[in-house]
Structure formats: structure tokens, C-alpha cells
Amino acid sequence: MNVYLAEFIGVAMLIFFGCGVLAGNSLQTSGSHGAGNVAINIAWGCTVAMVIFCLGNISGAHINPAMTIMNAVMGNFEWSLVPGYILAQIAGGAFGGVLVYLQFIDHWEKTDDPHAKLTIFATAPAIRNNVANFFSEYIVTFGLAFCILGMGTNVFLEGLQPLATGCLIFLVGTSFGGVTGAALNPARDLGPRLAHFFLPIAGKGTSDFKYAWIPIVAPIMGATTSGLVHNALYKGIVDYRLFAMVGLTVVTFIAIKLASEDSKEAIKNKQALNQIA
């Protein structure tokens, strides 16, 4: 099987089952309505494990642009394959979103909450704060990537490592999913968000692309920095790549902080003008 097709199918599976459990939990007429956080994260963890079992020996089951870019920056993956992997992953995410929509075709109009419908497809922060939200996605993806790479330094019984990875996804989602939804994966967020935007979902509301850059940029930066730290600790490789990523991280946080302060000041000025008027 073509590696790009494998990545497309892998992310489509991830979204179909992962966002499927979100739909079952959120849509009021679903038989699994209110399943809860534990059930949701068990489903995501099991799905990741199943995808690795099915496709890991074909494409490596990256199923995540952040992991693909991380491996390329580390020197473990060919840069020439990166664009194709990323396009396949995002397309797979969108297709998975379409499948979720079709699976629950009779349920969308029975639920009146547009935000609940959006969070079936895309992630959203519990409290909107760009600095805090970016930090959450960055540091949690850093931890996820570091653990995955660390597991690769150990010897597992045959077939055990995908289960360990699934447990890691459950751990991360249960611990931190309540902050931003723990996207950890640009394709997991952007692909289904595009599906939400284009699909004729009854009463769906906005697709919130103003927030969408955070679950794209933060996981990529977090995973890439984690991979370079892994190289430093396990292989003794400390070079310009690590220093560049650390510098880029600092600059990015400063830029987000300054932009957030400017936005708050603009809102205050607008409110003051409205009060005068």
C-alpha cells in the first residue's frame, strides 16, 4: 500500500472513531449521550493503538503532521516525503469528519448547541486565552512526543508498543483534554474543522478559524522541540537546530503575548468609545 494512502486511511480512522465518540457524547438523541471524559479518552487511545497495529508497518503510522515534521527535523525521515504525508493526513482528517457527519445524519438537527457541534469536529479551549492555550498545546505535545520517542529506546514484547502508545494517549487526554481539547495534532483539528465548515450541518454556527492556528502551530513546535531535546539527551546531539527551536519558541510566546495585550487594549478602547457615544 502507498505510504500516503496509509496515512490518509490512518487519520480517517482516527477521526471516524475519535470524533465519533465525541458525537455520541454530545448529540442529545445519541444512545451514548453523556458518555463522559473517561469513555472519550479510552476511545481515542484505543483508536491510536488500532491504527498503529493496522498501518504502522506501511507508513510508520505518523498520523500527525507534528510527528512527521519532528522526525524530519531530527533526521529520521526524508523531507521529500513530508508534503505528501501532511496533505494525506489533513485530507484523511476531513474525510473522517464527513464519515462522522453521515453516521449521525439524523441527529444534528435534534441538538441546538452550535458550540457542542463544533467541538465534535474541532478542539476549543475551555477558557479562551491565546498565551495559555498555546502553552497548553505546546507543552502537552512536547510531553507526548518525548514519551513516544522514549518508548522507542526500549524493547517491547511483539505487539505491545502500540498498546503502550494508546495508554499514553488516554493519559494525556484524561489529564489535559479539559484545557484545550488536547488536539496534539494539526490534522486531527484542521481536517475535521474543514469538514465542519463545508458540510450542511443543521445549526452548526461558526467553524472558529480564528482559533485554528493554535492547534496547528503549537503541536508542531512542541513536538519538534521535544525531538531535538531527545536527540540531545539520548544521542548527545546539540546543534543549531535545538538552539533555533528554543529561540523560535521564546520569540513566538513573546509575539503572542504582545498581540494579546494589543487586542485587549483595542477592546477596552472600543468599549470606552461606545460608552462616550
Side-chain angles (χ1 to χ4, degrees), residues 1-21 40-97 99-100 123 137 140-173 177 182-192 215-216 219-220 222-224 226-227 230-231:
M1 183 187 294
N2 183 283
V3 292
Y4 302 132
L5 180 57
E7 286 296 302
F8 174 89
I9 293 173
V11 180
M13 289 174 60
L14 178 71
I15 298 305
F16 182 55
F17 291 110
C19 291
V21 72
I40 289 170
N41 287 296
I42 288 175
W44 280 101
C46 289
T47 300
V48 169
M50 290 303 105
V51 171
I52 297 173
F53 275 127
C54 293
L55 302 169
N57 64 339
I58 300 172
S59 67
H62 291 191
I63 58 173
N64 184 342
M67 297 301 171
T68 299
I69 293 171
M70 175 196 74
N71 278 294
V73 172
M74 292 175 68
N76 299 334
F77 189 70
E78 295 181 26
W79 275 106
S80 62
L81 295 175
V82 171
Y85 262 59
I86 292 175
L87 288 174
Q89 290 158 354
I90 295 172
F95 183 68
L99 294 180
V100 171
T123 60
E137 287 290 339
V140 176
T141 310
F142 181 103
L144 173 70
F146 192 81
C147 290
I148 289 174
L149 292 169
M151 285 193 291
T153 65
N154 293 275
V155 177
F156 286 83
L157 295 175
E158 187 175 0
L160 185 60
Q161 188 166 354
L163 293 177
T165 304
C167 290
L168 175 61
I169 296 298
F170 170 76
L171 173 64
V172 170
L184 314 173
N185 180 343
R188 176 267 171 271
D189 188 89
L190 181 59
I216 293 174
I220 291 173
T224 302
S226 183
H230 174 89
N231 272 354

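In terms of modelled atom types and a separation under 3.5 Å, the side chain of T153 and the main chain of L149 share no donor-acceptor contact.
Note: I63 CD1 to I9 CD1 = 13.0 Å, rounded to the nearest 0.5 Å. Here the straight-line distance linking atom CE of M74 with atom CG of N231 works out to 4.0 Å at 0.5 Å rounding. Taking CD1 of I90 as the reference point, atom CZ of F8 lies at 12.5 Å (rounded to 0.5 Å). Distance check, rounded to the nearest 0.5 Å: OH of Y4 to CD of Q89 gives 11.0 Å. If you take CG on L5 and CG on L55, they are separated by 8.5 Å, rounding to the nearest 0.5 Å. Summarising the geometry, atom CG belonging to D189 is positioned 8.0 Å from atom CD belonging to E137; distances are rounded to the nearest 0.5 Å.
Inter-residue side-chain proximity for I15 and L99 is flagged as unmet; no heavy-atom pair is nearer than 4.5 Å. Side-chain contact between T47 and M50 is absent, with no heavy atoms from C-beta onward closer than 4.5 Å. The closest side-chain heavy-atom distance from S59 to Y85 is below 4.5 Å. A heavy-atom distance below 4.5 Å is found between the side chains of M67 and L144. Residues V48 and L14 are in side-chain contact: their nearest non-hydrogen atoms beyond the backbone lie under 4.5 Å apart. Here the side chains of F142 and P219 are not in contact, with every heavy-atom distance at 4.5 Å or above.
Nearest heavy atoms, P215 versus A183: CB-CB, 3.6 Å. Heavy atoms only, all atoms of each residue included: I58 and A6 are closest at CG2-CB, 3.7 Å. Across all non-hydrogen atoms, the minimal contact from A66 to A223 is O-CB, 3.8 Å. Nearest heavy atom pair, residue C147 against residue L168, reads CB-CD2, 3.6 Å. Between A145 and M70, the shortest heavy-atom contact is CB-SD, 3.8 Å. Considering all non-hydrogen atoms of both residues, F77 and T68 come closest at CE2-CG2, 3.7 Å.
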(request) Check the pair R188 / T123 against side chain to side chain contact (heavy atoms under 4.5 Å, CB included), numbers first and verdict last. (result) CA-CA 9 Å; R188 176 267 171 271; T123 60; 3.9 Å; yes
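A perpendicular orientation is assigned to the rings of F146 and H230, their planes being inclined by more than 60° (bins at 30° and 60°).
When the shell of 6.0 Å around CZ of F95 is examined, it contains 12 or fewer heavy atoms from other residues, nucleotides or ligands.
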